[in-house]
2 protein chains.
Amino acid sequence: MYVSSANVSERQAAPPALAISTVIFALRPSASSGRPTLWLPLVRRIREPYRDQWALPGGPLSHAESLQDAAAQNLRETTGLAPNYLEQLYAFGGLHRSPTQRVVSIVYWALVQPTEAALADESENVRWFRADRLGELAFDHNSIVDYALFRLRNKLAYGSVAYHLLGEYFTLAQVREVYEAVLDRQLDPANFRRQLKSTPEIQETGEYLQGGKHRPPRLYRFTGRPGLDQDNRSTP
Amino acid sequence: MYVSSANVSERQAAPPALAISTVIFALRPSASSGRPTLWLPLVRRIREPYRDQWALPGGPLSHAESLQDAAAQNLRETTGLAPNYLEQLYAFGGLHRSPTQRVVSIVYWALVQPTEAALADESENVRWFRADRLGELAFDHNSIVDYALFRLRNKLAYGSVAYHLLGEYFTLAQVREVYEAVLDRQLDPANFRRQLKSTPEIQETGEYLQGGKHRPPRLYRFTGRPGLDQDNRSTP
DNA sequence: ACAAAAGTGTTTTAAGTACACCCATGG
DNA sequence: CCATGGGTGTACTTAAAACACTTTTGT
């Protein structure tokens, strides 16, 4: 059982509970503009505290899993997906995060490509939300998502994580759209393209994306590391 | 008691133990060259496992402390000092970090200015070591220190953390020496000085450092935030 | 032919790097 | 007056930003 029904004296004596949570980002076309936007899945709480409010997927740490494995497991259970990228975000340990019990949460963040199946995994208690239109979440989860967004933007600007939101093959314009969606500003297509072309991890293929309305763009692929290392520490 | 003497079946059942450790950096003049170098305090383990080996200061998380408070307390107990800068490093949760018990360690890193008193706090079981000349430490603490060094170098290069290793007043050459010690390479004094002077957080005073052998350099002070916020999340 | 995105070229701006040089002080 | 670190000036190199322009496709 996740939240034990400890009384006050038990709470004082017991060590803090240890939980793993995961902020899962994926791209979906906006209903209005059709341009890609950031979404994330939340789960509805079925018990107190914060019953019926939406929260980050998570749970207690099983004794047989590493932290990263627990997060990946977590992700698979709520979405049916495997992460393309998974990294530790932060350990949150404030005294009053949960009203009933002292909980220390080690939070991971992940990037996935949502498939039809994954989106169909929605249910009464699991739903995808636009990252910029979450309501009021349980616990301190709003601020955790804010921090995860901050980290995602940072990694995007300096690292090479955008490709983990895309499929194996992509056009340079698609990469630009990811940047524009996450950073929320327009980028010069010409300059952006040149920057990507100077990145050795991006390999051009002989294929072209067909079926568009205009000149067919060339397809590229990402040849960097998968972003699922044993312990990812490239953060800072 | 930090490490409980659980037998195997107890270990399977019990939740992972939660501990806080801290990597504490300070500058001390090298015995040979006199130039500043990085040092950090370690504690000798007085029980198994790894008895008599050196380890990072740490201990279990008390139920009444936030994570950051626990790290600061930790720091004060082993060195007698208050941190100038304190930030969460990473949560280490591998399955086999400790041979006797599953332990999840939330590790902080700190910058301090060692005083006479602090260095006098050395004892049989607490000693300061040069960061580049640690022996073989207990648990996975060598790799933790490596990661802390990585993070320190990164923060130094991009953030404004060097001043927390110095006193209230300092010369620009002293800042350069910090950079050279931590990054382990020479920097052009002229260009380095210009970069610092274009940093608004660095304020020039009317004072000059007297007593040197040459032209007395001007003293500056750092006016940025103290680096001890409630929860420091400027990491990425 | 025309619209629109793909893709190229060129100019400007800013930031970093290398290095020559002057200044002020103790000895 | 000389050695040395403090402090200034200037040319060179590199990367980013701005923007005009050409190419290729579908309609």
Side-chain angles (χ1 to χ4, degrees), chain A residues 29-30 33-36 153-154 156-160 162 166-167 169-221, chain B residues 29-30 33-36 153-154 156-160 162-163 166-167 169-222:
Chain A
S30 152
S33 71
R35 306 164 68 81
R153 296 199 174 101
N154 234 297
L156 198 73
Y158 300 114
S160 44
L166 296 167
Y169 297 92
F170 48 81
T171 70
L172 299 188
Q174 286 172 336
V175 180
R176 178 167 50 81
E177 283 180 331
V178 175
Y179 275 73
E180 290 180 339
V182 174
L183 302 180
D184 196 31
R185 62 187 168 95
Q186 299 292 107
L187 297 172
D188 183 308
N191 294 330
F192 186 82
R193 126 176 242 97
R194 252 188 300 263
Q195 270 187 271
L196 289 195
K197 296 217 73 161
S198 72
T199 306
E201 292 165 319
I202 295 180
Q203 209 168 62
E204 102 177 13
T205 72
E207 317 286 320
Y208 292 81
L209 179 63
Q210 304 294 343
K213 295 183 187 148
H214 304 293
R215 173 175 176 177
R218 187 186 285 273
L219 288 169
Y220 294 79
R221 65 149 43 107
Chain B
S30 151
S33 72
R35 304 163 70 82
R153 295 199 175 101
N154 234 296
L156 198 73
Y158 300 114
S160 45
Y163 318 101
L166 295 167
Y169 296 93
F170 48 81
T171 70
L172 299 188
Q174 285 172 336
V175 180
R176 178 167 50 81
E177 284 180 329
V178 174
Y179 274 73
E180 291 180 337
V182 174
L183 302 180
D184 196 30
R185 62 187 169 95
Q186 299 292 107
L187 298 171
D188 184 310
N191 295 329
F192 186 83
R193 125 177 243 95
R194 252 187 300 263
Q195 272 186 270
L196 289 196
K197 296 217 75 163
S198 72
T199 305
E201 291 166 319
I202 295 180
Q203 209 168 63
E204 101 176 15
T205 72
E207 315 287 318
Y208 293 80
L209 178 63
Q210 304 295 345
K213 292 179 187 149
H214 305 294
R215 174 174 172 177
R218 186 185 287 272
L219 287 169
Y220 294 79
R221 66 154 35 112
F222 179 68

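Scope of the values below: all heavy atoms of this structure, side chains included, with no hydrogens, waters or symmetry mates. A note on names: the letters A, B, ... follow the listed sequences, proteins ahead of strands, and every chain is numbered from 1.
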Full working for side chain to side chain contact (heavy atoms under 4.5 Å, CB included) between R153(B) and L156(B): CA-CA 5 Å; R153(B) 295 199 175 101; L156(B) 198 73; 5.6 Å; no
Taking all atoms of both residues into account, what is the closest heavy-atom pair of P29(B) and G34(B), and its distance? CB-O, 3.6 Å
Just by modelled atom types, is the S33(B) backbone N or O under 3.5 Å from a matching donor or acceptor in the S30(B) side chain? yes
Leading and trailing nucleotides of DNA chain C with any atom under 4.0 Å from heavy atoms of chain A: dA4(C) to dT10(C)
Determine the minimum heavy-atom distance between R218(B) and G206(B), stating which atoms define it. NH1-CA, 4.2 Å
Per the under-4.0 Å heavy-atom filter, residues of residues 202-209 of chain B near DNA chain D come out as none
Going by the rule ring pair (Phe, Tyr, Trp, His ring centres under 6.0 Å), which residues pair with Y163(B) if we only count those two or more places apart in sequence or in a different chain? F170(B), F222(B)
Please list, by residue number, the residues of residues 183-201 of chain B whose heavy atoms come closer than 4.0 Å to an atom of DNA chain D; answer none if no residue qualifies. A190(B), R193(B), R194(B)
Please name all residues satisfying ring pair (Phe, Tyr, Trp, His ring centres under 6.0 Å) with F192(A), sequence neighbours left out, ordered by chain then number. Y179(A)
Might you confirm whether atom CG of N191(B) has over 12 heavy atoms from other residues, nucleotides or ligands at distances under 6.0 Å? yes
How many whole angstroms separate atom NZ of K213(B) from atom C1' of dG6(D)? 15 Å
Show each protein N/O and nucleotides 11-14 of chain D N/O combination with a separation under 3.5 Å, one pair to a line.
none

Do R176(A) and R193(A) come within less than 4.5 Å of each other through their side chains, counting heavy atoms only? no
Verify, without hydrogens or angle tests, whether E180(A) (side chain) and L187(A) (backbone) share a donor-acceptor contact under 3.5 angstrom. yes
Can you confirm whether Q174(A) sits close enough to Y220(A) that some side-chain heavy atom of one is under 4.5 Å from a side-chain heavy atom of the other? no
Side-chain touch L172(A)/K197(A), heavy atoms, less than 4.5 angstrom: yes
For G212(B) and R215(B), find the nucleotide of DNA chain C closest to each by heavy atoms; which residue's nucleotide sits nearer the 5' end? R215(B)
Are more than 12 heavy atoms, taken from residues, nucleotides or ligands other than D184(B), located less than 6.0 Å from that residue's CG atom? no
Counting only heavy atoms not in E207(B) (residues, nucleotides, ligands), do more than 12 fall under 6.0 Å from its CD? no
Expressed as a whole number of angstroms, how long is the span from Q210(A):CD to dT27(D):P? 12 Å
If you check the P217(B) side chain, which of dT25(D), dT4(D), dG6(D) turns out closest? dG6(D)
